[in-house]
Number of protein chains: 2
Amino acid sequence: MAGSTIYDIAKKAGVSIATVSRVVNNSDGIADKTREKVLKVADELGYYPQAYAQGLARKKKNIIMVVVPVLSNYFFMEVLAGIQDEISNYNYDLNIFNVQSNGKDNMFPQVKNIIKRQWADGYLFISTHLRDTELEQLQDYDMPITLIDESYPGMDSVSVDNEEGIEKAMNYFLENGLTRIAIISAMKTSKPGRKRIEGYEKALNEAGVTVEEDLIVTGDSMYRDGFSEQNGYEAMIKLLELPNPPQACFCTSDIQAVGAMKAMEEKGMEIPIIGYDDITISNYIGLSTIRQPMYDMGTLATKKLMKRMKNREAEPEHKVFAPELILRSSTEKEIKEKA
Amino acid sequence: MAGSTIYDIAKKAGVSIATVSRVVNNSDGIADKTREKVLKVADELGYYPQAYAQGLARKKKNIIMVVVPVLSNYFFMEVLAGIQDEISNYNYDLNIFNVQSNGKDNMFPQVKNIIKRQWADGYLFISTHLRDTELEQLQDYDMPITLIDESYPGMDSVSVDNEEGIEKAMNYFLENGLTRIAIISAMKTSKPGRKRIEGYEKALNEAGVTVEEDLIVTGDSMYRDGFSEQNGYEAMIKLLELPNPPQACFCTSDIQAVGAMKAMEEKGMEIPIIGYDDITISNYIGLSTIRQPMYDMGTLATKKLMKRMKNREAEPEHKVFAPELILRSSTEKEIKEKA
DNA sequence: GTAAAAAATGTAAGGGCTTACATTTCTAAT
DNA sequence: ATTAGAAATGTAAGCCCTTACATTTTTTAC
């Protein structure tokens, strides 16, 4: 039973392999009796077409592959939920391929090989943060790719205006008279990391506030690229131990903010804090945050990819979601006191 | 460039396809000049073997596939992190296949087809909760499968003694003089759901406490099979609106406990609560919980699978981790007051 | 009952790779 | 220079399917 092939079925059912193939694929033009007979044998022998043989013979694999560097992270999880729900509307299976980032700069070769190997009919890249020159190379392979949480002119993309998000958070603090604002960032050096810090500096500059390097911090723990409670915790400890601690804090992910909140509690010093993402938990722990529509990003990207697979010629589309400031208790008390 | 094959390389490099194959696969017995020449052409043409053709020609796919019903859930995420880290020690790629559960009983056919299609060299099943009769059928296909968070005599498995976990939580409450203990469960009807409730009832019975049906609740929101903050929130509201609310509460997942804690806060009624899992966030919000070593389960299961792939004959091994009661602030205040 | 049309089935050529075996080329010993 | 043996390369079959095209069987109309 282990490895019955189309030949086994054909032989046992007394038909040709073409007929078996037709029955299994539900092609029409098959006599009912034949169909039944074949189906019966196929069931007895536990037959179902081998994915690899089928993929080779057809051009199509009926697989959408999600390519992602860090699987275990809340942002990814939410986006994935959207993808998953949307894809269930189509006749495609979902495969997730995890590329190791190792902090190093070796992701591109892996990604390139995935494309070359032709695993799937279409790909969703989540936060791979490849360079434009690299994405350009991938285009040569003429595979439908939709980017999530990043963008590049030549490919469909779904992202969020990060700068706007940061600005909203910063302005909220500034409007409430808080000027010594810290930023807790993961991976200061990465491309998106730098972008966020730039946004932070820009907002301060526009408000005529001098940027203090001391207030730009990150934790030391780099597990999950720094997107962890621990990292936020460490960062906040650093901030609170400063001779002159900040009046408010912006965090580049909710998960870090959770750690930061614990640090504040332990130190007995509470400053208003705003996170980034709006993971479901944030609503339950009263964390103010910049909401990214992660789930919607997943569904929309999937839709775009499906569309692209049908029409390869259309101009690439870029959806940029506007982030939303969600205020909860983590920004309340203290600011009111100041007012 | 899009679809260069081994033939293109062979032609352009002036060698046979066998030689190209050897070069690409790093087989030895190839002259250095030839290797260089072929490699150069392969690079120019952006060649890399097609996964499907290779998988068909070899018996091996070099793929481990994780089969899981609900992707976006914290338990899964942690287990996956372990799998991911462990697998990076071997020359295997990781694929995740998501089977739709739809609450209905239709998962088995999907799982069966995955196995039949021979996607991978080995499989990790996480919380699929198939029946023994179903798993027995899968054995016929003679594929290495390791179960996580469930067990079956005929396959390797890695799980946690759920009953013991519940007992520990219940005993903690009971020893502290609390007897009216509620349980918030996801999916009362599922196999693991029922098991947990049984454990709960058993613990009460042994302590000579009558089970009150009112105290066994679940939320109404069934998103993610009930493993959500919202579900826990709803359940706790129900409990607190009882004429005679419970003195303590056990929750079958931390994520539900997060929702339950919010409900308590809103209602201004705080009772000691213990969750289940010990997701990383729990430590940061002071949630007492029963720790499942999720990460370790992932690594160990992966190791077992690799071992099994080498030796198909050995007796199946079953690792049952002992859950651990982790006490944090969510059980502190109130119990101390009572004492 | 016959012939033409329609339906059902079969044949065989790929799809892109690996690999056992055959062949050629090179090396080194005489 | 010759040749045995080693090293390098090539040939071709096979992995399991799909599908265009050819062939056979059944149906329909007269």
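Since the model is a prediction, treat every value here as computed from it, not as a measurement.
Look at CD1 on B/I6: it is 15 Å from P on D/dT9, rounded to the nearest Å. Look at CZ on A/R35: it is 9 Å from P on C/dT9, rounded to the nearest Å. In this structure, the OH atom of B/Y7 is 7 Å from the C1' atom of C/dC17, given to the nearest Å. As a whole-Å value, the separation of B/R58 CZ from D/dC16 C1' is 17 Å. Between the CG atom of A/N25 and the P atom of D/dC17 there is a distance of 10 Å, rounded to whole Å. The OH atom of A/Y48 sits 11 Å away from the P atom of D/dT18 (whole-angstrom rounding). In this structure, B/D32 places its CG atom 12 Å from P of C/dT27, rounding to the nearest Å. The distance from atom CG of A/L56 to atom P of D/dT19 is 12 Å, rounded to the nearest whole Å.
When each of C/dG10, D/dT9, C/dA8 is scored by its nearest atom to the side-chain atoms of A/V15, the top-ranked nucleotide is C/dG10. Checking C/dC17, D/dC17, C/dG10 against every side-chain atom of B/A57, the shortest atom distance belongs to C/dC17. When the nucleotides D/dA12, C/dC17, D/dT9 are ranked by their closest atom to the side chain of B/A18, D/dA12 comes out on top.
OP1 or OP2 of D/dT18 lies within a sub-4.0 Å distance of a side-chain N or O belonging to A/Q54. Close to D/dT9, at under 4.0 Å from its OP1 or OP2, lies no side-chain N or O of B/T19. In this model, the phosphate group of C/dG16 is not approached by any side-chain N or O of B/T5 to a distance below 4.0 Å at OP1 or OP2. B/S16 has no side-chain polar atom (N or O) that falls below the 4.0 Å cut-off from OP1 or OP2 of D/dT11.
The shortest distance between side-chain heavy atoms of B/V67 and B/V99 falls below 4.5 Å.
Donor-acceptor pairing under 3.5 Å is lacking for the side chains of B/S127 and B/E150.
Residues B/F227 and B/F75 place their aromatic rings such that the two centres sit no closer than 6.0 Å.
As judged by a 4.0 angstrom heavy-atom cut-off over every strand, B/A31 is placed among residues touching the sugar-phosphate backbone only.
Summarising the geometry of A/T146 relative to A/K304, their closest heavy-atom pair is OG1-C, 4.3 Å, with the distance given to 0.1 Å.
With DNA chain C read from its 5' end, the first of the two nearest nucleotides for B/Y52 and B/R22 is the one closest to B/Y52.
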*Are B/M77 and B/M294 close enough, and set up right, to give a side chain to side chain contact (heavy atoms under 4.5 Å, CB included), and what steps lead you there?*
CA-CA 9 Å; B/M77 226 173 72; B/M294 299 174 280; over 6 Å; no
